[in-house]
Amino acid sequence: MGLLSDPVRRRALARLVLRLNAPLWALPVAWLERTMRSVGLEVYTQSFSRKLPFPDETHERYMVSGINVYGILRAPRAASTESLVLTVPCGPESPNSQAVGLMLALAAHFRGQIYWAKDIIFLVTEHDLLGSEAWLEAYHDINVTGMQSSPLQGRAGAIQAAVALELSSDVVTSLDVAVEGLNGQLPNLDLLNLFQTFCQKGGLLCTLQGKLQPQDWTSADGPLQGVQTLLLMALQQASGHPHGAHGLFLRYRVEALTLRGVNSFRQYKYDLVAVGKALEGMFRKLNHLLERLHQSFFFYLLPTLSRFVSIGLYMPAAGFLLLVLGLKALELWVQLHEAGVGPEEAGGTPGSSPPLPATQRVGLASLVAPLLISQAVGLALYVLPVLGQHVAAQHFPVAEAEAVVLTLLAVYAAGLALPHSTHWVLSTQAPDRSWMALKLVALIYLALQLACITLTNFSLGFLLAATMVPGAALTKPSGPRPLRAALLVLTSPAAALLGGLFLWQRLQEAPVSLAEGWRLFLAVLAQGVLAHHTYGALLFPLLALGLFPCWLLFWNVLFWKR
Amino acid sequence: LAGAGPLGAPLSLLVLLLLGPGVWGQTEPPRDSLREELVITPLPSGDVAATFQFRTRWIRSLSHYRLFPKALGQLISKYSLRELHLSLTQGFWRTRYWGTPFLQAPSGAELWAWFQDTVTDVDKSWKELSNVLSGIFCASLNFIDSTNTVTPSASFKPLGLANGTDHSFLRYAVLPREVVCTENLTPWKKLLPCSSKAGLSVLLKADRLFHTSYHSQAVHIRPVCRDARCASISWELRQTLSVVFDAFVTGQGKQDWSLFRIRSLCGPLPLCPQDNETLEVYPPPLTTYQDVVLGTRKTYAVYDLLDTAVINNSRSLNLQLKWKRPPGNEAPPTPFLYAQRYVSGYGLHNGELSTLLYNTHPYRAFPVLLLDTVPWYLRLYVHTLTITSKGKENKPSYIHYQPAQDRMQPHLLEMLIQLPASSVTKVSIQFERALLKWTEYTPDPNHGFYVSPSVLSALVPSEVTAQPVDWEESPLFNTLFPASDSSSYFMRLYTEPLLVSLPTPDFSMPYNVICLTCTVVAVCYGSFYNLLTRTFQIEEPSKGGLARRLANLIRRARGVPPL
């Protein structure tokens with residue numbers, strides 16, 4: 001294989017890297033077009049613009065506009081029905097010039113080969129994920145996030161697989177692979193296996209979640225490291241945020257992963273040839289595929305690159321957790337039934353019981369009112385922050401982004417005052433039975449929600465179940481109330497988010513102090529809301545419209561007036 | 001040697017290799033004849049296209065087959081064919097980059113035939129015809145059945161002599177998945193009178209022909225006038241083969257080209273350099289030919305291989321094209337009409353078929369006849385059909401829609417759309433994916449299912465007014481489609497085929513296990529539930545009916561215990 005072996009190409013690459021590292025970053029569109037055309041690709045550009053719902057302070061952007069450049073290598077004697085994508089996300093923070101250089105070198109090499117059966121699209125996106133989103137939406141000719149973009153001039157059929165490449169420096173000591181996509185979607189395990197095979201073949205050092213692969217499984221260290229990696233993956237998947245530019249492809253049923261070249265200042269270094277060889281190998285293998293990748297698992301957890309936990313193994317864990325809710329609900333049902341029948345008739349035949357006295361019935365109002373109020377609070381939590389940002393920014397000395405986060409927290413805290421507001425509405429008849437009925441409804445509601453989440457995004461479902469189920473099961477308006485209240489607050493969705501954040505930082509071996517953690521928490525809240533509006537991430541609406549109202553029901557049960 | 005003549009605009013130079021008329025069969029007039037032609041065209045993108053055409057004329061007689069292949073001759077009489085057009089193509093003609101083709105064909109196999117109006121059961125003849133052709137050309141044409149056959153109402157007209165065009169005698173089918181390879185080339189070559197032993201067909205080496213970006217071979221049979229008076233007809237068989245050589249792959253980045261790339265003829269010719277604006281041709285041609293082809297004036301350098309002056313001493317000829325200027329990296333000029341087709345949307349429930357039609361003519365609008373054939377398992381929502389140009393709705397002046405029937409016939413949609421000048425027209429229609437029965441899935445269901453390409457038939461305005469030409473004298477590539485009007489020319493384009501994934505069950509072991517387990521559980525549950533909920537009662541035996549009493553009487557009489 002002649003990739004970068006001749007000095008001319010090597011010099012061209014060096015020139016290119018210099019050119020791309022120019023100060024005052026902007027994507028050199030004209031130059032990219034020229035270069036891609038000169039290696040024999042069909043080149044097209046796409047301009048897009050997007051006004052974010054509120055300024056993104058982490059990435060310092062609000063009105064975003066950019067240009068994506070892509071070149072299509074047309075496979076000979078193929079009718080452009082299938083294609084593969086190699087994408088390089090560029091942005092002001094990570095110019096990713098080395099990756100662009102490697103991509104162009106690969107394109108030049110690929111163009112001279114005759115074995116391609118699928119078209120290959122070489123895509124350079126600006127503003128990393130926003131550019132990818134704009135390109136993907138235009139390629140599939142849909143608009144799900146309100147992106148404004150010019151229509152695409154060139155297409156290459158159904159995309160079968162995609163690889164995103166990020167190289168932060170020209171010295172690569174290891175390759176990190178990221179699989180978690182938007183809303184916790186994962187690519188087919190075969191794609192990962194393919195990458196791992198070529199890593200082994202080329203002697204590349206590969207990491208997962210930034211962690212080295214444990215070699216020694218006999219001592220405690222290996223399994224421990226595996227557990228850490230597994231937890232990191234679960235947290236990443238639960239966040240629902242794409243862990244790389246590949247994450248948005250998964251929505252369109254394109255198997256995709258991100259390769260990150262990392263310079264961790266180790267002794268052994270690879271030049272780009274080694275990375276290029278691995279990529280070439282992957283693309284040739286993908287090119288040979290007759291069908292889409294579908295043979296292997298779509299649901300898995302990874303402790304290491306070579307081992308996985310399959311869905312059959314991990315699903316029972318979540319199932320047992322949810323069973324607690326189910327059993328608790330059954331117990332309440334039986335209790336309610338007994339209380340309704342009355343002690344003297346409990347042993348009698350069920351068919352012949354006389355009609356219950358009116359006072360013993362559970363009023364529908366006592367169920368519907370808390371449900372409605374908590375759902376309304378959830379709706380407010382979902383809508384108000386973005387809708388009211390300008391009002392808040394006018395009346396308080398805060399920026400729009402801060403206003404959004406603070407409104408979010410304010411609505412959340414206001415929701416905690418719910419028990420006091422519901423008491424005005426409720427009649428005080430049969431308090432015992434009412435809270436039981438409310439808790440029964442809340443338990444079933446929670447169990448259903450968690451089951452649905454677990455089916456689509458296991459990590460999120462499991463983490464939420466692990467935090468929320470104990471608090472939910474133990475809640476009742478008797479006993480040591482402050483203790484129970486503390487437990488319930490600690491297991492609320494926001495607290496779980498905060499806890500997950502600290503755990504994440506600790507596992508990343510970058511523990512943060514409380515103040516830093518709080519700042520990080522605020523930033524994450526803003527990012528979560530933004531990700532929902534820009535990419536269609538579902539974590540924020542799930543928490544705001546589903547789980548928070550449900551949690552409020554338990555809060556309500558705890559402070560039930562007896 | 002004569003010069004190449006005043007050559008017009010850049011990129012307009014083509015090379016014609018002719019093997020000229022009436023070589024064989026010199027017995028008596030009128031007679032069978034064969035003419036061969038190779039057109040070598042530099043494409044706007046820098047690639048080189050080579051189009052071979054072999055024309056055989058046949059005076060139909062009962063048992064005399066001199067030049068005309070017997071297999072096809074018998075086919076004509078047996079199935080009462082009026083016209084037959086078959087093309088087998090690997091690859092896709094990229095009109096935007098390669099310009100307008102002489103004759104485009106859709107990717108895969110395309111077959112359309114007109115039957116004589118004496119045929120009573122057209123569908124039966126069609127079925128048999130496709131099976132026979134499948135055998136002749138070693139192609140999977142036997143997969144043509146009612147689910148992919150349509151009868152277009154306007155898009156396909158007879159190309160030869162015709163009196164009356166009743167469209168019920170037309171059948172059209174495309175197999176987008178057909179793979180074309182040497183096994184299809186060999187039978188195609190065998191239809192030539194000399195196979196690949198003599199003439200231009202010695203250049204048809206499979207290893208070079210399939211080393212290209214595009215390969216299309218076709219057979220066209222049609223009736224034509226025997227002479228200028230047109231008193232009687234003769235049958236014309238045209239065999240065409242087009243290939244596009246990729247300048248990047250074969251030329252290592254250089255776009256110069258020579259016949260050696262196809263096949264080395266022995267020994268080089270003494271070359272005389274000939275100055276030109278952009279392109280040089282070696283050796284300089286003896287004659288040139290100018291004509292308006294596909295709307296633009298072009299100059300052809302003609303090499304008549306039967307002329308002894310062309311191959312004078314060394315009995316060999318090598319042609320070379322050389323670019324004077326290195327080709328720039330600008331995007332090539334776009335043709336007046338090209339199209340693009342894609343599936344939009346995501347998920348496995350709904351989707352949208354979109355076709356973009358580009359009219360790049362600066363000031364003239366022209367009509368396009370669009371033909372869409374969609375398999376039945378994509379259920380079209382016809383009410384969602386929208387046609388927009390320049391942001392406004394575009395009402396088609398003619399629509400013919402024939403709905404699909406599940407497992408019987410495909411959707412057929414034909415529309416006549418006026419394309420405004422310099423515009424993009426988007427034709428989109430939504431569909432729902434049907435669930436197939438489990439035996440209807442192909443062995444590789446996760447590959448996806450093909451939707452055949454749209455066909456665009458258009459009268460595209462010419463840049464230059466064409467002069468009426470003498471059909472007998474003009475080169476072959478110019479005379480397949482009848483020219484109706486001097487200010488426009490007929491053009492047929494095909495879009496790319498589409499690959500659509502359908503909801504596919506997981507045909508793997510876990511799937512089978514789940515199915516089996518569910519069946520067992522369902523059966524067990526049913527019977528257990530029945531057993532558990534049924535109330536059993538002891539029934540008192542009744543006296544029984546009249547027949548029983550009678551039987552018991554007889555039994556008692558015989559001394560047998562009663563029933």
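These numbers come from a predicted model, not from an experiment. Within every chain, numbering begins at 1; the chains are lettered A, B, ... in the order of the sequence lines, protein sequences first and strands thereafter.
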Any residue meeting side-chain hydrogen bond (donor to acceptor under 3.5 Å, both in side chains) with Ser454(B), in chain and number order, not counting sequence neighbours: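 Listed in chain order: Arg341(B), Asp372(B).
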Set of residues satisfying side-chain hydrogen bond (donor to acceptor under 3.5 Å, both in side chains) with respect to Asn446(B), sequence neighbours excluded: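 side-chain hydrogen bond (donor to acceptor under 3.5 Å, both in side chains) check on Asn446(B) returns His294(A).
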Pro151(A) vs Lys426(B) side-chain heavy atoms within contact, under 4.5 Å: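 A side-chain contact is absent here, since even the closest heavy-atom pair is not under 4.5 Å.
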Interface residues of residues 138-148 of chain A facing chain B - non-hydrogen atoms under 4.5 Å apart: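 Residues in range: His140(A), Asp141(A), Ile142(A), Val144(A).
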Exercise: identify the closest heavy-atom pair between Arg77(A) and Thr212(B):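 Looking at all heavy atoms of both residues, the shortest contact is NH1-O, 2.5 Å.
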Nearest atoms (heavy-atom pairs only) where Gln340(B) meets Leu152(A):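 Gln340(B) and Leu152(A) have their closest heavy atoms at OE1-O, 4.3 Å.
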Greatest number of heavy atom pairs closer than 4.5 Å to chain B - which of Arg253(A), Glu33(A), Glu82(A):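 The residue among Arg253(A), Glu33(A), Glu82(A) with the greatest pair count is Glu82(A).
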Chain B interface, residue from Arg155(A), Glu137(A), Arg292(A), Gln153(A) that has the most non-hydrogen pairs under 4.5 Å: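 Result: the option with the highest number of such pairs is Arg155(A).
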Heavy-atom contact with chain A under 4.5 Å, split by part of Ser354(B):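 When you check distances to chain A, only side chain atoms of Ser354(B) fall under 4.5 Å.
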Option that, when pairs with chain A are counted at under 4.5 Å, heavy atom only, ranks first among Gly448(B), Pro445(B), Pro106(B), Ser107(B):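 Most heavy-atom pairs within the cutoff with chain A belong to Pro445(B).
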Which portion of Ala158(A) sits near chain B, non-hydrogen atoms under 4.5 angstrom: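 Ala158(A) touches chain B through side-chain heavy atoms alone.
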Residues of residues 494-502 of chain B near chain A, each having a heavy atom less than 4.5 Å away: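 Heavy-atom contacts from residues 494-502 of chain B to chain A are Glu496(B), Pro497(B), Leu499(B), Ser501(B).
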Enclosure of Lys285(A) NZ (heavy-atom neighbours >12, cutoff 6.0 Å):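 Counting neighbours around NZ of Lys285(A), 12 or fewer heavy atoms of other residues, nucleotides or ligands fall under 6.0 Å, so no.
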Residues Arg96(B), Glu42(A); criterion side chain to side chain contact (heavy atoms under 4.5 Å, CB included); working and verdict: CA-CA 11 Å; Arg96(B) 162 124 189 236; Glu42(A) 274 180 26; over 6 Å; no
Trace of the side chain to side chain contact (heavy atoms under 4.5 Å, CB included) decision for Tyr214(B) with Arg74(A): CA-CA 11 Å; Tyr214(B) 175 78; Arg74(A) 296 291 184 190; over 6 Å; no
